[in-house]
There are 2 protein chains.
Amino acid sequence: MKKFVTIRDVANAAGVSINTVSRALNDKPDVNEETKEKVLKVARELGYVRDATALSLRYGLTRVIGVIFEDSSNPFFSEVFKGIEMKAREHNFNVILMNTEKDYDIEEDAIKTMISRRVDGLIITPTQERFEDIESLANLNIPTIILGVHFKELKLPEVHTDDVTGGFLATDYLIKKGRKRIVLLNGLSYKSVAQMRFEGYVNALRDNGIKYLDELVYEIPEGVESAYNKTKELLLSGLRFDGMFCFNDIFAIGAIEALKEFGKRIPEDVSVVGYDDISYAKYISPSLTTVAIDKILEGQTAFELLLESVKSKAKMTAKEIVLDVKLIERKSA
Amino acid sequence: MKKFVTIRDVANAAGVSINTVSRALNDKPDVNEETKEKVLKVARELGYVRDATALSLRYGLTRVIGVIFEDSSNPFFSEVFKGIEMKAREHNFNVILMNTEKDYDIEEDAIKTMISRRVDGLIITPTQERFEDIESLANLNIPTIILGVHFKELKLPEVHTDDVTGGFLATDYLIKKGRKRIVLLNGLSYKSVAQMRFEGYVNALRDNGIKYLDELVYEIPEGVESAYNKTKELLLSGLRFDGMFCFNDIFAIGAIEALKEFGKRIPEDVSVVGYDDISYAKYISPSLTTVAIDKILEGQTAFELLLESVKSKAKMTAKEIVLDVKLIERKSA
DNA sequence: AACAGTACCGGTAACGTTACCAATCACAAT
DNA sequence: ATTGTGATTGGTAACGTTACCGGTACTGTT
């Protein structure tokens, strides 16, 4: 039923061999100008479209890259993806996108699928729980970029943001605004990103001569609810604090929700700084002071680095591209 | 350099023919149990992974579907995509995602690419400017689902939400809250979605005996800024209004921003209702009353309808699946 | 001993494409 | 007339896989 026009159909219709059609179509030499025009005309009339699956088999190259995210509906990832897709299109690549839902087994499966699809390269944000699946990619020498995460254990190219500086900027800013007891609402500590932001937090305290207190640092799982609940718990416990540095804007939104519920004024009673600068950060109330990262750029950079790796015949090596971050001052701190 | 283990490598290593390997791998009969186990063992040791590109060529089926959106970073689309990807994975399909950036030429190009990739099916949200490109899909009889849009001109399966009812619910709610002069901040009218919401708006006014006024209805392009600017313009012009029904939550966010800037209290001075219930709708201030649609479900439904079309050998026919909407009451109205 | 039936295995073609080589032809140079 | 040269064309194999068919060897039945 679904039936496509092949090079053979064109050849028959034009009364030449498939070789001549191929040459005409690919603008190769060794084909008479008249013949060529005739072939192109026939091809157009018949609605011929080159079969990419055949080319993939022929050349062992698919011009497809795989992207594996935790959750592509997360506004952070969806913007990064946009950057990737943009650059990919520019270079005539297509992108297969898969979600892991933060599940290692699904991640492993997704990687197998990508290998089976013979993608020319892969951009992945690993769950960081385990990493044998990613090692298998390295062994097969499938060009791979680790995105948004620093992976000590693997010698692979990485693109991520300067989160130590990000953590520093946020904390330092809060301190400069006179805050002394700053809660860090961090992500789970097995994540390198959480570790880096923590490091920035500690650095800022040290540089400003403020004592680090364990009772102000919390690690919570992803999600608005999670941050909302933890903040509520802290408020109920009677913990004193006048500043909050949140692992991401989603956490900040949850925290602000809870703070408001307890009648805390923001930023007067508690100043809040987020991270990521998701597009809604400026529209929540109060508008969110946050550490901005250029997500589109991060995606574009990842693709370009991947392309480099795809083109080069060399073995992959560790390479770290660290993107700048900057603090966006708004009303919440 | 990038070199995969083929069925032939496995055959050599196991000392059998490629046919036997194929049978063993595919759990086909006519292969001795011992041989089979040996083959499977060798395949495992060698790290054999089936080459999907070869299968695609062999069977003329790729188990890949294409998704073409205006902008996958839009939270509406990114959630719909999640629903699609979820169901696709369940059925061992993969998804290629492309963005058109609302440009007809890019859309046309994306469709060509998808045809060239020999996708088994396509889910698309057309720009609605023109539609010859989509007709070409219909002619090739590539299973296609139109998503989120009603396309009078084409006889293709569609999945969208009940936007006439949505428009009615929003407007009726504002009226019931005592609002008399309700601005409709609509999307551009060539879009079927905008037409439908407009229809709902008009119906609600009529049913409540309120006169329709042209001076309260505006059509603006996408984007927060767009809504922010138009609202500011209306306020500066001195137009009186006590309610706003916004085409989507993004518009509502922009409108609220402008209203606040002019010292309008929400909902006391102006009540605002949005559309889509994007995940941040509840966290902006005041939390947004909006018409909710189940975006994940919309994606899942689209995939399932597509799958039906892929499996059936019949020609595609018009078929409309209309999903329910509901009003979510929060603080902005 | 002869035959049929069955279990197992391998050879080949095909999917659509292009690279490589060989063939043909016209024409010019010897 | 012969040879060489260049322009143009076609034949074939190969990418990895599986369907189809044909073969071999063993079993059991007569």
Side-chain angles (χ1 to χ4, degrees), chain A residues 1-40 42-43 46-64 92 113 115-120 140, chain B residues 1-40 42-43 46-64 92 113 115-120 140:
Chain A
M1 171 214 77
K2 198 177 62 172
K3 199 79 193 77
F4 295 96
V5 177
T6 75
I7 209 176
R8 191 159 280 115
D9 299 327
V10 177
N12 288 338
V16 296
S17 79
I18 56 169
N19 307 280
T20 304
V21 174
S22 177
R23 277 188 288 260
L25 256 29
N26 292 294
D27 228 6
K28 290 274 163 76
D30 290 342
V31 54
N32 182 284
E33 194 58 36
E34 279 177 49
T35 330
K36 180 167 167 181
E37 298 207 342
K38 180 168 181 196
V39 168
L40 293 181
V42 171
L46 261 50
Y48 171 81
V49 181
R50 218 191 239 79
D51 186 331
T53 64
L55 288 190
S56 298
L57 184 58
R58 176 78 232 265
Y59 289 121
L61 291 176
T62 52
R63 293 196 88 79
V64 171
N92 283 310
T113 302
I115 295 177
S116 159
R117 291 273 175 212
R118 299 295 193 253
V119 293
D120 290 341
L140 278 169
Chain B
M1 169 213 79
K2 197 177 61 170
K3 199 80 193 79
F4 295 96
V5 177
T6 74
I7 208 176
R8 190 159 281 114
D9 300 326
V10 177
N12 289 338
V16 295
S17 79
I18 56 170
N19 308 279
T20 304
V21 175
S22 176
R23 277 188 288 259
L25 256 29
N26 292 293
D27 228 6
K28 291 273 164 76
D30 291 342
V31 54
N32 183 284
E33 195 58 37
E34 280 177 48
T35 330
K36 180 169 168 178
E37 298 207 343
K38 178 166 183 201
V39 168
L40 294 181
V42 171
L46 261 51
Y48 171 81
V49 181
R50 218 190 240 78
D51 185 331
T53 64
L55 288 190
S56 297
L57 184 59
R58 177 81 234 266
Y59 288 123
L61 291 176
T62 52
R63 294 196 88 80
V64 171
N92 284 309
T113 302
I115 295 177
S116 158
R117 291 272 174 212
R118 300 294 192 254
V119 293
D120 290 341
L140 278 168

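We name chains A, B, ... by the order of the sequence lines, and we start the count at 1 in each one.
Applying side chain to side chain contact (heavy atoms under 4.5 Å, CB included) to Arg23(B) and the options Leu25(B), Asn19(B), Asn26(B) leaves one that passes, Asn19(B). A side chain to side chain contact (heavy atoms under 4.5 Å, CB included) with Leu40(B) holds for exactly one of Lys36(B), Glu37(B), Lys38(B); it is Lys36(B).
Glu34(A) places its CD atom 14 Å from the C1' atom of dA7(D), with the value rounded to the nearest Å. We find that CG of Leu57(B) is positioned 8 Å from C1' of dT17(C), with the value rounded to whole Å. What separates CD of Glu33(B) from P of dT6(C) is a distance of 20 Å, to the nearest Å. Atom CG in Asn32(A) sits roughly 15 Å away from atom C1' in dT24(C) (whole-Å rounding). Taking atom CD1 on Ile115(B) and atom C1' on dG16(C), their separation rounds to 17 Å, with Å as the unit. A straight line from CG of Asp51(A) to P of dA14(C) spans 18 Å, rounded to a whole angstrom. We find that CZ of Arg63(A) is positioned 17 Å from P of dT17(C), with the value rounded to whole Å. Atom CG in Leu61(A) sits about 21 Å away from atom P in dG16(C), given to the nearest Å.
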(message) For a quick check, with a 4.0 angstrom heavy-atom cut-off, what is the B/S/- contact string for nucleotides 18-26 of chain D, read 5' to 3'?
(response) BB-------
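Residues meeting the salt bridge (charged side-chain N to carboxylate O under 4.0 Å, His left out) test with Asp30(B), sequence neighbours left out: none.
Phosphate contact (OP1/OP2 of dT9(D), side-chain N/O of Thr35(A), threshold under 4.0 Å): present.
The pair Arg117(A)-Asp51(B) does not meet the salt-bridge criterion, since no charged nitrogen lies less than 4.0 angstrom from a carboxylate oxygen.
In this structure, Ser22(A) and Ile7(A) have side chains that are in contact, with non-hydrogen atoms separated by less than 4.5 Å. Under the 4.5 Å side-chain criterion, counting only non-hydrogen atoms from C-beta, Val64(A) is not in contact with Arg118(A).
Residue Asp30(A) is in base contact, counting any heavy-atom pair closer than 4.0 Å across all strands shown.
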